[in-house]
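Because the structure is a prediction, the values reported are computed rather than measured. Note: hydrogens, waters and symmetry copies are ignored here, and every other heavy atom, side chains too, is used.
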Amino acid sequence: MLNKDQSKAAQFLQGTCAVIAVPGSGKTKTMMQRIAILVNDHNVAPESILGLTFTRNAAEEMRNRLKTLLGNAAHRVMLLTIHSFCHYLLRNEGYVFEMLFGKEQLILLRNVIKKLRYKDLAPGMILREISLAKNNLISSDELKVIYEGDRTMVKVAHVYELYDKEKKKRMLMDFDDLLTEVYHLLQVNEDIRERYSSTFLHIMIDEFQDTNPAQMEIVKLLKGEDQEGTSLFVVGDDWQSIYAFTGASVGNIINFKNIFPESTEYILNLNYRSTPQILKACQNLINHNTRKIEKTLVTQNEDGEEPILLESSSEENEALTLVTEITDLTHRGYAFKDITVLYRANFQSRVIEETFSQHKIPYHIENGLNFYNRAEVRVLLDYLRLIDDPHTGDEALLSIINIPNRYIGRTFSRELEAYAGARNIPLYNALKSMIIPLPYIRKNVKDLIQFLDPLIEEKMEPAELIALLRTSLDYDRYITDDDVPSPDDVKIGNLNQLQLSAARYSSIESFLTYTDTFQDESVNDKDGVSLMTIHKSKGLEFPVVFITGLIDGIMPTKKGDIEEERRICFVGISRAMKFLYLSYSLTYLGQASTRSPFVDEILGTKK
């Protein structure tokens, strides 16, 4: 059954409509019911309905819900991510291309940078800037004009230009190209535009607050003029727009009425998830944003507890406080899987993971990687293994031999293994004695041995050695060069946490023993407490939510837009159904810290 506001929205038949849906208000249910009403009550052909969303999981969930309403006809409705739809459209129009992403994309970009002889630009930064430009439909020529006088950004524009040419030569497209190609195709070719407008008479978009300008323009072109029997129906919440780092524009939903003056707006503000006290906390916080659609959160749920404030002296004590509270909750009947611990950035998980592991609190990390298994951490641990004992460090040597890049490929590694195997000696000994014909590999191997030998002899303390490796190998720059845009951007934070962890041990061996034994059965227990970033938690709900690290500089971050940071915090606290804990420490990384301004905003105590 739908409530009154959901029902009004679901029965919207034609024209343009925005449904502004607060957390826990049943927006997906409303969308699926609308599709069922169109098909069952108004004889709309399922094939004429296009449903777009942002993740494959969301598209799959929509399809599963639709099956219960439409049965087999659900498969005839096109439910896709926006990028998948663009891929489908281009293939349908005869475009021949392969997708370029991940490592291959970075390799091509590096080759372009090398061709242009630019030595001071990080590929990760360039990729981010090109992506933002494309998501805003800004060409490389336009980027040059916009940033005239800015030497770095003009270089980025030249890379952008050559990168696009190299992709075209190879018949490749990256994910941003899918959007720009479809936009230009629909804009210049009226026949193609009308064909898709007349095929998809009813366009529905979920999580509309996450659209970027390029996606918005595609939607406008697909929609065409308002005609009888056609509709554009978007659902979203400006208060939950937290993907500006990918180019998403909260303005698309805030300005929807200005873009489509004839549009209808429905507000779903009845929350089925949280207690009135948690909703009051959410409302208190978001009221401090000025750029928003005004809404009042309401619920018919029973009263619950006020948000609980946890103050600790340090991150370590903060994690211990979580253990105490979680143990108490389990004694009161809550299961570990009812509980989530949320944080702003991935590097914050290290102290929590270790403390949970020590106190036998089962948990799992939402992306499946515990702290010591993260790629940038694992490489430094392998350096430590090799330096601690080169005679048993064969696997470690193969892991680090080409990090940072020494132009040593798999062929050389196989030859090294064969040479060592034939002589029954450790790989490191083989590396020192093997004749290497290629001069550049010979030089790079010699440099590596000259770097490692003194460290093997010296037996430094682990934290000191990690600091030296980071500096000598220029490792921080290496890992951020490879960094694909991410909401957390925390690889350096992970290395800082690794160094802090290592500082507790006087020998490399004792530290490595700890990191190896740390990975026990509690780490990936799906019935355990969920640990994740707030970005990962979007769309989920838990009876008990802990928001940790509520200190100035982490939440909000130093570099973030304050309104976006507040929306991120809002998404975190609005996951809570019964209990909401707000946690912060008085020191961070050994320095005095300041409580996040969001704490007083949430509690309504801001002066």
Is Asp238 salt-bridged to Lys292, cutoff N-O under 4.0 Å? no
Run the side-chain donor-acceptor check on residues 145-152: report pairs under 3.5 Å with partners two or more places apart or on a different chain.
unit_1: Asp150; atom_1: OD1; unit_2: Thr152; atom_2: N; d: 3.2
unit_1: Asp150; atom_1: OD1; unit_2: Met153; atom_2: N; d: 3.2

How far apart are the C-alpha atoms of Phe54 and Tyr243, what are their side-chain angles, what is the distance that settles it, and do they pass the side chain to side chain contact (heavy atoms under 4.5 Å, CB included) test? CA-CA 11 Å; Phe54 283 84; Tyr243 286 99; over 6 Å; no
For Arg350, is there an ion pair with Glu315 - N to carboxylate O distance below 4.0 angstrom? no
Flag the pair Glu207 and Lys27 as a salt bridge only when some basic side-chain nitrogen lies within less than 4.0 angstrom of an acidic carboxylate oxygen. yes
Lys337: what forms a side chain to side chain contact (heavy atoms under 4.5 Å, CB included) with it, not counting sequence neighbours? Ala335, Asp527
Answer yes or no: is there an ion pair linking Asp210 with Lys538, defined by an N-O contact shorter than 4.0 Å? yes
Asp237 with Lys295: basic N within carboxylate O range, under 4.0 Å: yes
Does Arg374 pair with Glu353 as a salt bridge, N-O distance under 4.0 Å? yes
Does Phe101 have more than 12 heavy atoms from other residues, nucleotides or ligands lying within 6.0 Å of its CZ? no
For the residue pair Arg470 and Tyr478, would you count it as a cation-pi contact if the rule is NZ or CZ under 6.0 angstrom from the ring centre and within 45 degrees of the ring axis? no
Report, one line per pair, each donor and acceptor closer than 3.5 Å where one atom sits in a side chain of residues 539-556; sequence neighbours left out.
unit_1: Glu541; atom_1: OE1; unit_2: Arg273; atom_2: NE; d: 2.8
unit_1: Thr548; atom_1: OG1; unit_2: Leu342; atom_2: O; d: 3.1

Inspect the contact between Arg566 and Glu601 and indicate whether a charged nitrogen and a carboxylate oxygen are less than 4.0 angstrom apart. yes
Less than 3.5 Å apart, any donor N or O on the side chain of Asn271 or Ser25 sitting next to an acceptor on the other? no
Regarding Asp561 and Arg291, does a basic nitrogen lie under 4.0 Å from an acidic carboxylate oxygen? no
May I ask you to decide whether Glu565 forms a salt bridge with Arg344, counting only side-chain N to carboxylate O separations under 4.0 Å? yes
